[in-house]
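We use all heavy atoms of the structure for the numbers below, so side chains are in, but hydrogens, waters and symmetry mates are not. What you see is a predicted model, and the numbers here were worked out from it, not measured in a lab.
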Amino acid sequence: MEWIKLIGILIILVGFIFKFDTIAVVIVAALSTALVSGMSFYEFFSMLGEAFVNNRLVTIFLLTLPMIGLSERFGLRQQAVILIKKIKGLTPGKFITLYTALRELAGLFGLRLSGHPQFVRPIVNPMAQASAEHAYGDISKEDEDKIKAKAAASENFGNFFAQNTFIASAGVLLIYGTLKDLGYEVTDASIARMALLVAVIALVLSAISNWLFDKKLAKKYNKMKGVDK
């Protein structure tokens, strides 16, 4: 009779196949699993309520969509572009490298700069595109996409390689606890130092890649303009 406890999986499969309401299917599957496992209605809804309260911060992502809309509606994107165009000598590669450095610096102090939908799309990418237009004039759609990809990659590099440079981050604590249980003599500070070294290497490699990207764009568009640089 232990197999009956897998009835929730069957309900989810049937619900998805017949395209029933997703939330209703999941709740019915959870309730069915709880009942056949010997839980009462009170215990089930108590557990459901506690899980919702304990994980309520997950729903914060719903605030990102109106935040993006409001920032673009009131000209934050346009003002960022105007600011970039006022900075002489700025290229997309230099700007993206600067953002990667800021992203890693924020990770070092345990600060979060949101992510792709909240920060890169409405602010970082438009600023990188503006720096390209300011440096080279009108650019092709292909190069616009490459700059967009570079901006998105800078968020990944800065977040992934610097997230454990903060000594109290969840990743550092997880690594420390795991190694301790395996008998290794480590400290959370030593883990953070190694992560910092990796972050610096990632920043240097990213800067080199962005510099080569700038050289390629400059060669292409200066040649189109008849400028020999």
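Note that CD1 of I167 is 4.0 Å distant from CG of D188, once rounded to the nearest 0.5 Å. The structure places CD1 of I27 at 12.5 Å from CD1 of I11, a figure rounded to the nearest 0.5 Å. Atoms CZ and OG, on R103 and S206 in that order, are 13.0 Å from each other to the nearest 0.5 Å.
Of all non-hydrogen atoms in L108 and F166, the two that sit nearest each other are O-CD1, 3.5 Å. When all heavy atoms are compared, the tightest approach of D138 to Y221 is O-CE2, 3.7 Å.
In this structure, F20 and F18 have parallel ring planes: the angle between them is below the 30° cut-off, well short of the 60° mark.
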Could you walk me through whether N210 and F95 satisfy the side-chain contact (heavy atoms from CB on, under 4.5 Å) test, starting with their C-alpha distance in whole Å, then the side-chain angles of each, then the deciding distance to 0.1 Å, before giving a yes or no? CA-CA 9 Å; N210 292 331; F95 173 75; over 6 Å; no
Report the C-alpha separation of K94 and D214 in whole Å, then their side-chain angles, then the decisive distance to 0.1 Å, and conclude whether the side-chain contact (heavy atoms from CB on, under 4.5 Å) test is met. CA-CA 8 Å; K94 291 178 181 178; D214 273 343; 4.0 Å; yes
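Remark: E142 engages S140, K146 in a side chain to side chain contact (heavy atoms under 4.5 Å, CB included) (not counting sequence neighbours). Contacts of I9 classified as side chain to side chain contact (heavy atoms under 4.5 Å, CB included), with partners at least two apart in sequence or in another chain: L6, L13. Under the rule for a salt bridge (Lys or Arg N to Asp or Glu O under 4.0 Å), the partners of K180 that lie at least two apart in sequence or sit in another chain are E185.
The other residues sharing a hydrophobic cluster with I201 are L197, L205, where clustering joins ILVMFWY side chains under 4.5 Å apart.
For residues 192-205, no residue pair satisfies the salt bridge (charged side-chain N to carboxylate O under 4.0 Å, His left out) rule, not counting sequence neighbours. Screening residues 157-171 for salt bridge (charged side-chain N to carboxylate O under 4.0 Å, His left out), with sequence neighbours left out, gives no hits.
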